[in-house]
Amino acid sequence: MQVINEKPLIFIDKSYIDEVSIEYRRVYKLLSDAMKISHSDFATLQDFIDDDSTITYGIVQPGPEVPKGIPLIQVENMNLDRSINIDDLGTTSNEISNKHKRTILKNGDILVSIRATIGRVVEVPKELEDANITRGSALIRLSDKSNNEFIMLYLESDLGQLQMTLNTRGAAIRSINLSDLRKVKVPNISIDNQNIVISRYAILKKLSNDVAEKSLIIGEKKSSLLDQIVDLIATEIGLTKFPRPWFGRLYFQKAESGIDRIDVLGANPQFEDECWKSGKFVPLSDTCEVDGSNEKIPLGTQRYISIDSLPGNYWADIDLPEMEIEKQTGRTHFYPGDIAWAHLKPSILKGKAYIIHDECWGSHHFLKLTTSKVSEDLRTIIWAYLKTGPIKRHLANKCTGKSESQKDVSDKALGMLPFPKLDDDQIKRVASAIRDTIEKSHELEAQENAYKEKANDLLKKAKSNIFNLLDDDWFNELVSEAKETLQ
């Protein structure tokens, strides 16, 4: 502990002081560098507005939701890309909104999150004029002489974000006061230089998006490659093509079905019929037991998996986390060689199926496939089959339940999934082909991640100190670096 000031006495842990002082020095250096590059003195954010009332809090107590009331923007509605999630807005009454006229929004207003999630910036679109905001964000209405785009870009940069972060208060929930927000230092540069910063940042953002697009294209190629696993299986069992489950498409039932309707859900009702009629499939439960039962988990340290702690669409072995069990509850018990399959709809679509290599326990959101009793090759086929796009989409559409996030597939429904009939030789060939496909997908994934990292790095450099954008050499070097990546 160290005494910082004797009047009043303030005691702060020295490690915290070191950490904060390092951050303050970093901010000071960034601001100093910005001033040297821009040949400018600092202004405060307050200097860019007409009066105090145009940097202000939102509504503290907005009252209950009101049908067709005044839209209410909360921090949760503010996206990182400056957009506002309009579909999930709350509402308040006209009466309450009118009591807070200072925060009735205008097109082009800037909102900054000042509570919990600090420093998120959005611009109010025309369709949200006359809406209002909650206490978690602050309204900034700039004077006519100020440039909205420049101020938003500055607040999103390291220079702006660090100043806001270091002035936060509170323990459980961090927040920044309006007085501190008004004091955020902004190098006072000419409109011409502001426009240079804006235009050059836009160029780098476009290049970053182009690099990110390359990452997406490779990701789609990887997904397509992995989905071809079902076509490998089709070839082995003598089908010209694998029966394709539909998902999210409109189609008409055949007249002879006796059902006069349009199915908009998309799960092709002929898919399973085609599988059974071909004679090339058996229920998955004929190949391995599908178990939805639970056992009492022992107390103490246990290897334990939950759907939130594991990645989706992951085609490699997983590490089994450990946790301390303090209460015995019903959980899924896995043995080495079993497959853990997450049966909630969002998890199914993410392909959350894992081969377990050590005894462990899992949340009740997992079903157990007792593949510990089958060969390693067959286990690989079952696991990969459940992770392919066509099968994921089919199973997701068989989910039942009211809430989208809680819809699931029962153990019986999974057990009835058509699974290809394969003899021992076919199992070996298919498993070998699947492993080769997965290996190629890992190569594509490495490329995908490299482009994604490069796109993020490019944007990070552009935002680290946006006044570097006034440096011709620095800017041109970054542009060349991006273009070289795109070749």
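This is a predicted model, so every value here is computed, not measured.
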Counting only N and O atoms by type, is there a donor-acceptor contact under 3.5 Å from the side chain of [X] to the main-chain atoms of [Y]?
| X | Y | answer |
| --- | --- | --- |
| Asn94 | Ile70 | no |
| Lys387 | Gly351 | yes |
| Asp408 | Leu344 | no |
| Ser480 | Asn476 | yes |
| His343 | His364 | yes |
| Tyr354 | Ile305 | no |
| Asn193 | Ser190 | no |
| Gln163 | Val184 | no |
| Trp315 | His442 | no |
| Asn79 | Arg82 | no |

Identify the two heavy atoms, one from [X] and one from [Y], that lie closest to each other, and give their separation to 0.1 Å.
| X | Y | value |
| --- | --- | --- |
| Ala396 | Leu349 | CB-CD2, 3.6 Å |
| Thr332 | Phe366 | OG1-O, 3.2 Å |
| Ile110 | Met152 | CD1-CG, 3.6 Å |
| Leu128 | Leu105 | O-CB, 3.9 Å |
| Ser199 | Ile196 | OG-O, 3.1 Å |
| Leu139 | Thr103 | CD2-CA, 3.9 Å |

Fill in: Derivation and outcome, side chain to side chain donor-acceptor pair (under 3.5 Å), residues Ser309 and Ser306
CA-CA 5 Å; Ser309 66; Ser306 63; 3.1 Å; yes
Using a strict threshold of under 4.0 Å (side-chain N to carboxylate O), is an ion pair present between [Y] and [X]?
| X | Y | value |
| --- | --- | --- |
| Lys214 | Glu448 | no |
| Lys398 | Glu272 | yes |
| Asp180 | Arg169 | yes |
| Glu295 | Arg331 | no |
| Lys452 | Asp457 | no |
| Arg120 | Glu156 | no |

Worksheet item: Going through the checks in order, is the side-chain contact (heavy atoms from CB on, under 4.5 Å) test met by Tyr451 and Ile217?
Response: CA-CA 10 Å; Tyr451 279 114; Ile217 290 170; over 6 Å; no
For the residue pair [X] and [Y], establish whether any side-chain heavy-atom pair is separated by less than 4.5 Å.
| X | Y | answer |
| --- | --- | --- |
| Ile104 | Lys101 | yes |
| Leu178 | Tyr57 | yes |
| Leu386 | Leu414 | yes |
| Glu129 | Val124 | no |
| Leu142 | Asp109 | no |
| Lys461 | Glu481 | yes |
| Leu459 | Asn456 | no |
| Phe150 | Tyr201 | no |

Discussion item. Does Asp81 form a side chain to side chain donor-acceptor pair (under 3.5 Å) with Ser83? I'd like the steps, not just the answer.
Written reply: CA-CA 5 Å; Asp81 62 357; Ser83 65; 2.5 Å; yes
Hey, what do you get for [atom1] ([X]) to [atom2] ([Y]), rounding to the nearest 0.5 Å?
| X | Y | atom1 | atom2 | result |
| --- | --- | --- | --- | --- |
| Ile73 | Ser113 | CD1 | OG | 12.5 Å |
| Ile151 | Ile198 | CD1 | CD1 | 9.0 Å |
| Ser347 | Leu310 | OG | CG | 9.5 Å |
| Trp361 | Gln302 | CH2 | CD | 7.5 Å |
| Ser208 | Ile203 | OG | CD1 | 13.5 Å |
| Lys222 | Leu444 | NZ | CG | 8.5 Å |

For atom [atom1] of [X], decide whether the heavy atoms of other residues, nucleotides or ligands shown that lie under 6.0 angstrom number more than 12.
| X | atom1 | result |
| --- | --- | --- |
| Glu95 | CD | no |
| Glu324 | CD | yes |
| Lys205 | NZ | no |
| Lys350 | NZ | no |
| Glu127 | CD | yes |
| Glu477 | CD | no |

Item to complete: I would like to know whether Asn313 and Lys392 meet side chain to side chain donor-acceptor pair (under 3.5 Å); could you show each step before the answer?
Response: CA-CA 11 Å; Asn313 296 321; Lys392 288 189 301 186; 2.8 Å; yes
Worksheet item: How far apart are the C-alpha atoms of Leu153 and Ser157, what are their side-chain angles, what is the distance that settles it, and do they pass the side-chain contact (heavy atoms from CB on, under 4.5 Å) test?
Response: CA-CA 6 Å; Leu153 184 56; Ser157 74; over 6 Å; no
Practice prompt. Carefully, step by step, assess Leu367 and Asp291 under the rule side-chain contact (heavy atoms from CB on, under 4.5 Å).
Written response: CA-CA 6 Å; Leu367 296 179; Asp291 187 1; over 6 Å; no
Response to the item:
Tested for side chain to side chain contact (heavy atoms under 4.5 Å, CB included) against Ile218, the lone hit among Glu445, Gln447, Glu213 is Gln447
Practice prompt. Pick out which of Thr92, Ile133, Leu89 makes a side chain to side chain contact (heavy atoms under 4.5 Å, CB included) with Leu72.
Written response: Thr92
Discussion item. Quiz question: by atom type and distance under 3.5 Å, do the side chains of Thr388 and Asp227 form a donor-acceptor pair?
Written reply: no
Fill in: Pair Glu65-Thr91, side-chain donor/acceptor within less than 3.5 Å
yes
Discussion item. If you take the centroid of each ring, where Trp contributes its six-membered ring, are Phe271 and His394 closer together than 6.0 Å?
Written reply: yes
Item to complete: Using the six-membered ring of Trp341, assess whether NZ or CZ of Lys368 lies under 6.0 Å from its centre and within 45 degrees of the ring axis.
Response: no
Fill in: side chain to side chain donor-acceptor pair (under 3.5 Å) between Ser464 and Asp158, worked out
CA-CA 5 Å; Ser464 61; Asp158 279 4; 5.2 Å; no
